[in-house]
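Notes for the one structure printed next.
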Amino acid sequence: MDTQILETMMSITRRLLPALAFALLIPVSAVPAKAADPALQALIDGPQRSEKNSARDKYRHPLEVLTFFGLTPDQTVVEILPGAGGYWTEILAPYLKANGHYIAANNEKASTSPDDQKDNAALAAKLAASPQNYDKVEVTEFGADRVAIAPPGSADLVVTFRNVHNWMADGETAGAFAAFYKALKPGGVLGIEEHRGDPSKPQDPLAKSGYVREDVIIGFAEAAGFRFAGSSEINANPKDTKDYPDGVWTLPPALLLKDVDRAHYLAIGESDRAILKFVKP
């Protein structure tokens, strides 16, 4: 090979190597997300949503979160424990009504908990009161791996918001993640939001404060067979010190201390939250 050509090729290589090395270091979460769907934004701004739920959008960023999870209007989506409040139900159900399928996997019907039964009844009433938005919603049960949240291999997306700490307290993380894995299609996505624990501190196995470290959640998912596909900082809150008397429930919206230092906790806002995405291989 001509010496000059060889030197030129080596010079180009030397210039490209740093850029290539940097590219390899970019985390999945830094990759640009797909463009948000205007139809989804219209529903987030829509009249079917309660004022109470809409007021929390500044903390929860529904458009960005659902876009990060890869939501499309033709998917089968299972929401775990949507509850009577229906924050995500008010968005997902009408968005999926025409071409997709929304499944609300709420509390077990056989639960002996009065709170569970009250929540199931309130969710049913909410759906029945607005058939123009909710007449195609399918309600199933969630009880770790005791019941099926959806037919095996049928879901494109399973989402759960601020629930992992409860399963840790109940000793049901393995069963919960197994249920998600079973319901999803190969290539399907599991989207998780959780109060983010301090990575510098040991994780309480019962998560009594409500906070869970990201690496712990990733470990639960990977143990069930999922592949970690990235994270988003859209719901990060650097004001959250995660060291409160009543755990995360010291902050809004719970504000368990009521009027004690209320202004201080309102100024902090809702918790710092992990937004994590996993894929079933």
Side-chain angles (χ1 to χ4, degrees), residues 22 25-37 40-41 44 52-71 79-81 85 87-88 91-92 157-168 173 189-204 207-222 226-256 261-279:
F22 176 76
L25 290 173
I26 296 176
V28 176
S29 56
V31 177
K34 71 171 188 174
D37 184 355
L40 181 58
Q41 180 65 72
I44 290 170
K52 182 178 179 180
N53 283 338
S54 295
R56 299 183 65 196
D57 288 355
K58 62 181 179 179
Y59 300 117
R60 307 197 71 177
H61 304 101
L63 178 69
E64 293 85 351
V65 169
L66 294 174
T67 300
F68 176 71
F69 289 157
L71 177 70
E79 183 185 356
I80 306 301
L81 299 173
Y87 180 93
W88 298 97
I91 300 168
L92 289 168
L157 175 63
V158 173
V159 292
T160 180
F161 301 94
R162 299 173 298 121
N163 287 310
V164 177
H165 60 277
N166 293 320
W167 304 326
M168 292 174 68
T173 53
V189 169
L190 169 63
I192 294 178
E193 177 194 57
E194 181 56 288
H195 309 293
R196 177 162 47 192
D198 186 340
S200 70
K201 296 181 179 179
Q203 175 65 57
D204 172 12
K208 292 185 291 292
S209 69
Y211 289 97
V212 185
R213 289 182 357 195
E214 285 189 350
D215 62 306
V216 172
I217 300 170
I218 292 170
F220 292 146
E222 290 181 341
F226 287 100
R227 175 178 61 83
F228 179 53
S231 61
S232 170
E233 290 297 303
I234 188 62
N235 284 349
N237 181 358
K239 297 179 182 178
D240 181 3
T241 57
K242 313 177 187 191
D243 56 358
Y244 313 110
D246 284 325
V248 71
W249 302 281
T250 305
L251 298 177
L255 292 169
L256 285 190
D261 294 325
R262 186 182 186 89
H264 171 67
Y265 296 123
L266 285 172
I268 293 172
E270 295 195 15
S271 65
D272 175 48
R273 290 169 186 165
I275 300 294
L276 305 176
K277 181 177 179 180
F278 301 91
V279 174

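Any value given below was found using the heavy atoms of this structure, including those in side chains, with hydrogens, waters and symmetry copies removed.
Two residues are said to be in side-chain contact when any heavy atoms from C-beta on lie closer than 4.5 Å; Tyr244 and Ile268 meet this criterion. In this structure, Ile192 and Phe69 have side chains that are not in contact, with every pair of non-hydrogen atoms separated by 4.5 Å or more. With contacts defined as side-chain heavy-atom distances shorter than 4.5 Å, the pair Leu256/Thr250 does not qualify. Side chains of Val65 and Ser232 form no contact here, defined as non-hydrogen atoms less than 4.5 Å apart. Annotation: side chain of Trp167 is in contact with side chain of Thr160 (closest heavy-atom distance under 4.5 Å). Residues Asp37 and Leu71 form no side-chain contact, since every pair of their non-hydrogen atoms from C-beta on lies 4.5 Å or further apart. The shortest distance between side-chain heavy atoms of Ile91 and Asn53 does not fall below 4.5 Å.
Distance NZ/Lys208 to CE/Met168: 9.5 Å, rounded to 0.5 Å. Considering CG of Asn235 and CG of Asp240, their distance stands at 12.0 Å, rounded to 0.5 Å. Within the model, atoms CG of Asp261 and CG of Leu266 stand 11.0 Å from one another, a figure rounded to the nearest 0.5 Å. Of the inter-residue distances, the one linking Leu276 atom CG with Ile217 atom CD1 reads 5.5 Å to the nearest 0.5 angstrom. Considering NE2 of His264 and CG of Leu251, their distance stands at 8.5 Å, rounded to 0.5 Å. With values rounded to the nearest 0.5 angstrom, Phe228 atom CZ is found 11.5 Å from Leu190 atom CG.
Side chain of Glu64 to backbone of Ile234: no donor-acceptor contact under 3.5 angstrom is found. Judged by distance alone, with hydrogens and angles left aside, the side-chain atoms of Lys277 form a donor-acceptor pair with the main-chain N or O of Phe68 at under 3.5 Å. Side chain of Arg213 to backbone of Lys201: a donor-acceptor contact under 3.5 angstrom is found. With hydrogens and angles ignored, the 3.5 Å screen pairs a side-chain donor or acceptor of Asn237 with a backbone N or O of Glu270.
What you find for Val279 and Ala229 is that their closest heavy atoms are CG2-CB, 3.8 Å. Here the closest heavy-atom approach between residue Leu157 and residue Gly191 is recorded as CD1-N, 4.4 Å. Val212 and Ala207 get closest at one heavy-atom pair: CG2-CB, 4.1 Å. Nearest heavy atom pair, residue Ala236 against residue Asp272, reads CA-OD1, 3.1 Å.
Evaluation of the ring pair (Phe, Tyr, Trp, His ring centres under 6.0 Å) rule for Phe161 yields Trp88 as partners, not counting sequence neighbours. Checked against side chain to side chain donor-acceptor pair (under 3.5 Å), Asp198 has the following partners two or more places apart in sequence or in another chain: Ser200.
Using bins of under 30°, 30° to 60° and over 60° for the plane-to-plane angle, the ring pair His195/His165 lands in the tilted bin.
Under the side-chain contact (heavy atoms from CB on, under 4.5 Å) rule, Tyr211 has a single partner from Glu194, Lys242, Arg196, Arg273, which is Lys242.
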